[in-house]
*Asks:* 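The structure's right below; bear with me while I get my questions together.
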Amino acid sequence: MTKSASASIPPAVTVLAPAKINLILRILDRRADGYHNLWSIMQTVGLEDELQIRRSDSSPDIRLQCDSAQLAGDRSNLVYKAAAAVMERVPHKVGLDIQLRKAIPMGAGLGGGSSDAAATILGLNHVLRLGWTQREMAEVAQPLGSDVPFFLYAPTASVAGRGELVRPVSVTGSKWVVLVNPGFGVETKWAYQELGTTRNAIRPLSDLHRSLEQGQELSWSQLAACAENDFEVPVFAKHPLLRQIKQTLLDQGAEIALLSGSGATVFGLFASEAVAQRAVRGFTAQAQLKTFVVPTSCGPLIRR
Ligand code: C5P
């Protein structure tokens with residue numbers, strides 16, 4: 001790269017990595033690779049981690065700092081893995097300094113780690129001027145985790161296969177979301193195993209699901225009519241508190257209240273911020289619960 005070309009490239013970028021909720025989550029058959037096929041409608045919400053990615057010409061290493069004591073900034077971190085996967089495909093080797101500020105609760109069914117990984121790919125595509133398409137970025141994203149490709153097609157998308165078959169959909173209007181995190185996690189692997197041993201049969205997808213997948217423009221009432229999460233049965237059986245949280249959200253006027261992913265966060269969807277704020281007051285006396293009131297949002301955002 002010539003000196004003048006490298007001078008025109010912005011050396012740093014800030015990317016916002018939003019959380020997701022599953023408006024519908026159906027778990028289908030177990031595949032030969034041990035994973036399950038799933039079918040979901042996923043939606044990003046305005047609770048965001050923040051990544052600052054800076055190109056460094058001093059050494060070719062990836063250096064990651066994370067502000068959370070619960071999360072190592074080493075090679076085990078999905079952000080590191082995503083950056084390494086991008087750099088493997090890049091001919092001109094440069095170093096990277098990455099800072100990750102966590103706001104999304106971890107192990108919470110909100111896809112925080114996956115969103116951070118997608119935001120890393122998006123940020124590097126920008127800061128290294130790679131010119132990759134959405135599909136090229138999604139190819140890098142897929143081996144990193146089942147939820148990672150979705151975030152490149154956010155804010156709303158149908159997701160199938162193991163998570164790699166993503167189709168963006170547009171939903172008219174926006175909603176307010178109350179997230180209630182109980183302060184403990186649910187291990188995804190356990191939730192899949194429990195579902196496999198407790199359910200009698202896999203319910204096939206209906207024509208309604210297929211039509212949602214085909215539909216270009218969806219309404220919130222179409223989505224609300226088939227909002228469900230297969231993980232609720234096994235996860236609520238083990239954690240009755242989560243069922244109570246769901247019921248409280250519905251009692252407070254939520255149009256939909258569901259477990260997100262394999263949990264443990266439960267969310268409620270509300271027509272306005274005022275109703276959402278009123279609903280969240282019902283949880284403030286329980287100190288162990290973490291609550292958030294946020295709008296449905298757009299995808300990972302580059303903030304220069
Ligand atoms: O994708 P992630 O690493 O979060 O998945 C954790 C575990 O959940 C996997 O190791 C697998 O046992 C299970 N899983 C699955 N089918 C999927 C996604 C996850 O069986 N589509």
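Only this structure's heavy atoms are used, side chains among them; waters, hydrogens and symmetry mates stay out. Sequence positions, counted from 1, serve as the residue numbers for this chain. One-based numbering, in listed order, for ligands and for the atoms of each.
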*Asks:* Can you list the steps and then say if Arg203 with Glu228 is a salt bridge (Lys or Arg N to Asp or Glu O under 4.0 Å)?
*Replies:* CA-CA 12 Å; Arg203 288 176 301 142; Glu228 61 179 338; 3.3 Å; yes

*Asks:* For Ser114, state whether at least one heavy atom is located under 4.0 Å from any atom of ligand 1.
*Replies:*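 The answer is no, since Ser114 has no heavy atom less than 4.0 Å from ligand 1.
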
*Asks:* Looking at Gly34, which atoms of ligand 1 are within less than 4.0 Å of one of its heavy atoms?
*Replies:*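 So the atoms of ligand 1 that pass are 20 (O).
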
*Asks:* Find all atoms of ligand 1 within a distance of less than 4.0 Å from any non-hydrogen atom belonging to Arg162, and give their numbers and elements.
*Replies:*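 Going through ligand 1 atom by atom, the ones under 4.0 Å from Arg162 are 21 (N).
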
*Asks:* In the protein, which heavy atom is nearest to atom 9 (C) of ligand 1, and how far is it?
*Replies:* Tyr35 CE2, 3.8 Å

*Asks:* So with a 6.0 Å cut-off around CD of Gln286, is the heavy-atom count from everything else above 12?
*Replies:*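 Counting other residues, nucleotides and ligands, CD of Gln286 exceeds 12 neighbours.
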
*Asks:* For ligand 1, note which part of Tyr192 has a heavy atom under 4.0 Å away: side chain, backbone, both or neither.
*Replies:* side chain

*Asks:* Heavy atoms only: give me the nearest Ile104-Pro18 pair and the separation to one decimal.
*Replies:* CD1-C, 3.8 Å

*Asks:* I need the single residue from His209, Met42, Gln214, Arg167 that forms a side-chain contact (heavy atoms from CB on, under 4.5 Å) with Ser158. Which is it?
*Replies:*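 When side-chain contact (heavy atoms from CB on, under 4.5 Å) is applied between Ser158 and each of His209, Met42, Gln214, Arg167, only Arg167 qualifies.
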
*Asks:* Going by the atom numbers of ligand 1, which of them fall below 4.0 Å from some non-hydrogen atom of Leu38?
*Replies:*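 In order of numbering, the contacting atoms are 21 (N).
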
*Asks:* Would you find a donor on one side and an acceptor on the other, under 3.5 Å apart, between the side chain of Lys93 and the backbone of Met87?
*Replies:*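 Looks like yes, one N/O pair under 3.5 Å.
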
*Asks:* Decide yes or no for Val180 and Leu289: does some side-chain heavy atom of the first lie under 4.5 Å from some side-chain heavy atom of the second?
*Replies:*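 Answer yes - side chains close enough.
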
*Asks:* How far is atom 12 (O) of ligand 1 from its nearest protein heavy atom, and which residue and atom is that?
*Replies:*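 In this structure, atom 12 (O) of ligand 1 has Lys189 CG, 3.5 Å as its nearest protein heavy atom.
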
*Asks:* Near Thr188, which atoms of ligand 1 are under 4.0 Å from a heavy atom of that residue?
*Replies:* 8 (O)

*Asks:* Would you sort out whether Lys238 and Glu194 count as a salt bridge (Lys or Arg N to Asp or Glu O under 4.0 Å), showing the intermediate values?
*Replies:* CA-CA 10 Å; Lys238 171 124 191 257; Glu194 197 64 13; over 6 Å; no

*Asks:* At under 4.0 Å between heavy atoms, is it the side chain or the backbone of Asn37 that contacts ligand 1, or both, or neither?
*Replies:* neither

*Asks:* What closest approach, in Å, do Trp39 and Leu28 show between heavy atoms, and which atom pair accounts for it?
*Replies:* CB-CD1, 4.3 Å

*Asks:* May I ask you to identify the nearest protein heavy atom to atom 21 (N) of ligand 1, giving residue, atom name and distance to one decimal place in Å?
*Replies:*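 The closest one turns out to be His36 O, 2.9 Å.
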
*Asks:* Just to confirm, does any protein heavy atom lie below 4.0 Å from atom 2 (P) of ligand 1?
*Replies:* no

